[in-house]
Amino acid sequence: MNSITAAAEETILRVQNLKTYFPVGKSGGTPLFVKAVDGVNLTVKKGEIMGLVGESGSGKSTLAYTVMGIYSPTEGSIIFKGQDISVPSSRRSLSVKKDLQIVFQDPGSSLNPRQSVRQILELPLRVHRIVDRKNIEEKVVELLRMVELPPHYMYKSPVSMGGGERQMISIARALATNPQFVILDEPTSALDVSIQAKIINMLLKLQEKKELTYLFITHDLSLMRNIATRVTIMYLGKICETAPTEEFFRSPLHPYTRMLLSSIPVVSEEEEELKPKKVVSTGEIPSPVNVPPGCSFHLRCPERREVCMEVDPWMVEAEPGHFVRCHLYS
Ligand code: SF4
């Protein structure tokens with residue numbers, strides 16, 4: 001097998017020039033849109049943990065929901081395992097739905113409070129015919145054990161459980177179909193700090209054991225340092241920078257990335273030395289309905305130049321595997 005074929009086979013998800021716009025009325029007869037995702041290119045390789053990081057409103061969850069088919073793309077394509085799946089979920093094949101799963105941020109609103117845990121876990125098993133009818137209960141017990149919950153939890157309702165336990169049920173439900181790719185949409189940010197580490201460790205163990213690929217959405221860069229294979233930064237609907245994790249933290253290139261990294265608290269002197277010097281942003285995040293021309297970060301960027309206010313930069317490969325979208329490197 002040549003290296004090009006091998007590399008192509010490694011890619012499980014390829015998002016090409018993806019745009020997801022939402023209409024928000026008109027101004028002087030001109031339609032206005034929130035450009036939540038605006039021309040995103042992203043690849044995720046089989047077996048990796050891709051960390052997708054951005055502030056609130058950066059478009060990272062909209063990107064996830066578009067990949068899942070919850071939102072329809074305005075433009076662009078989503079290629080999953082070599083197949084174009086750029087259509088709403090209702091028009092996707094059962095096998096795509098089986099292989100592509102999501103864990104939502106808030107387990108409280110993603111689990112039906114009127115159903116028992118057994119009913120919640122049974123549904124994907126039946127829809128995707130994972131086991132025979134007679135073996136369903138046994139499989140539900142297996143799923144509960146997988147997320148370290150005792151079998152009697154199958155009779156509970158999600159409302160009688162804590163946030164951490166509800167998220168364990170969400171993880172069990174997502175993994176019930178034996179998926180290959182799981183989107184984790186801030187899976188611990190709604191939980192108590194005390195339970196976050198337990199959930200993260202469980203997710204890592206399951207990823208290794210079941211050879212899963214994760215797209216891990218978060219605003220927590222420190223967490224990505226410890227668990228991601230690669231890190232991607234998103235700002236106002238666009239990707240700013242993507243790099244392998246070690247390279248990303250050793251040599252961040254985009255001014256926005258450096259701004260994010262410079263504000264992470266560190267515990268040791270060694271880490272403090274590696275941290276970029278404090279980068280002071282000069283303005284507010286613009287409204288996503290009215291993104292300025294040129295580089296969307298230019299109103300906040302301490303390194304902006306004349307060209308940044310007029311020309312939207314394009315992605316360049318500054319180092320092998322290290323991509324950045326900034327005029328400082330074009
Ligand atoms: Fe800053 Fe210009 Fe780079 Fe945008 S393109 S991040 S404004 S230097």
Side-chain angles (χ1 to χ4, degrees), residues 15-21 32-43 50-63 74-76 217-225 228 230-266 274-330:
V15 167
Q16 293 170 322
N17 191 31
L18 194 70
K19 296 182 182 177
T20 309
Y21 294 176
L32 295 177
F33 296 93
V34 168
K35 298 180 176 177
V37 175
D38 194 16
V40 162
N41 292 299
L42 179 75
T43 58
M50 167 64 92
L52 180 61
V53 185
E55 292 169 294
S56 167
S58 60
K60 52 194 193 307
S61 289
T62 305
L63 174 60
T74 308
E75 210 179 300
I217 295 172
T218 181
H219 58 269
D220 187 347
L221 259 176
S222 321
L223 175 62
M224 290 303 103
R225 180 177 215 144
R230 288 189 296 151
V231 180
T232 291
I233 299 290
M234 205 168 166
Y235 180 77
L236 275 181
K238 295 183 177 175
I239 304 284
C240 302
E241 184 163 4
T242 300
T245 306
E246 206 191 321
E247 158 92 6
F248 178 89
F249 284 94
R250 187 172 15 94
S251 174
L253 299 177
H254 197 283
Y256 178 57
T257 308
R258 293 207 293 263
M259 188 187 95
L260 292 177
L261 284 172
S262 73
S263 58
I264 294 181
V266 291
L274 282 174
K275 210 168 101 168
K277 298 287 161 260
K278 183 80 188 156
V279 178
V280 181
S281 125
T282 52
E284 298 294 315
I285 303 181
S287 155
V289 185
N290 193 16
V291 177
C295 171
S296 52
F297 187 57
H298 85 249
L299 294 175
R300 300 173 75 194
C301 182
E303 298 186 56
R304 71 173 167 260
R305 303 156 172 205
E306 202 69 28
V307 64
C308 305
M309 292 174 247
E310 290 159 15
V311 182
D312 194 7
W314 49 93
M315 195 64 99
V316 294
E317 190 169 13
E319 296 288 336
H322 191 159
F323 296 87
V324 61
R325 204 171 60 78
C326 170
H327 286 305
L328 297 179
Y329 309 94
S330 348

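Whatever order the structure lists ligands and atoms in, that order sets their numbers, starting from 1.
- The aromatic rings of F33 and Y21 lie tilted to each other, with the angle between the two planes from 30° to 60°.
- Using a cut-off of 4.0 Å between Lys/Arg side-chain N and Asp/Glu carboxylate O, E310 and R304 are scored as not salt-bridged.
- Looking at N41, its side chain does come within 3.5 Å of a backbone N or O of N17 through a donor-acceptor pair.
- Just one of E241, R230, E317 meets the side chain to side chain donor-acceptor pair (under 3.5 Å) condition when paired with H322; it is E241.
- The set of protein atoms (N, O or S) found at less than 2.8 Å from atom 1 (Fe) of ligand 1 reads C301 SG, by chain and number.
- Taking 4.5 Å as the limit, every side-chain heavy atom of L221 sits out of range of all side-chain heavy atoms of T257.
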Can I get a per-line list of side-chain donor-acceptor pairs under 3.5 Å for residues 323-330, giving both atom names and the distance, sequence neighbours left out?
unit_1: R325; atom_1: NE; unit_2: I239; atom_2: O; d: 2.9
unit_1: R325; atom_1: NH1; unit_2: D312; atom_2: OD1; d: 2.9
unit_1: R325; atom_1: NH1; unit_2: P313; atom_2: O; d: 3.2
unit_1: H327; atom_1: NE2; unit_2: V311; atom_2: O; d: 2.6
unit_1: Y329; atom_1: OH; unit_2: L253; atom_2: O; d: 2.7
unit_1: Y329; atom_1: OH; unit_2: R258; atom_2: NH1; d: 3.3
unit_1: S330; atom_1: OG; unit_2: C326; atom_2: O; d: 3.2

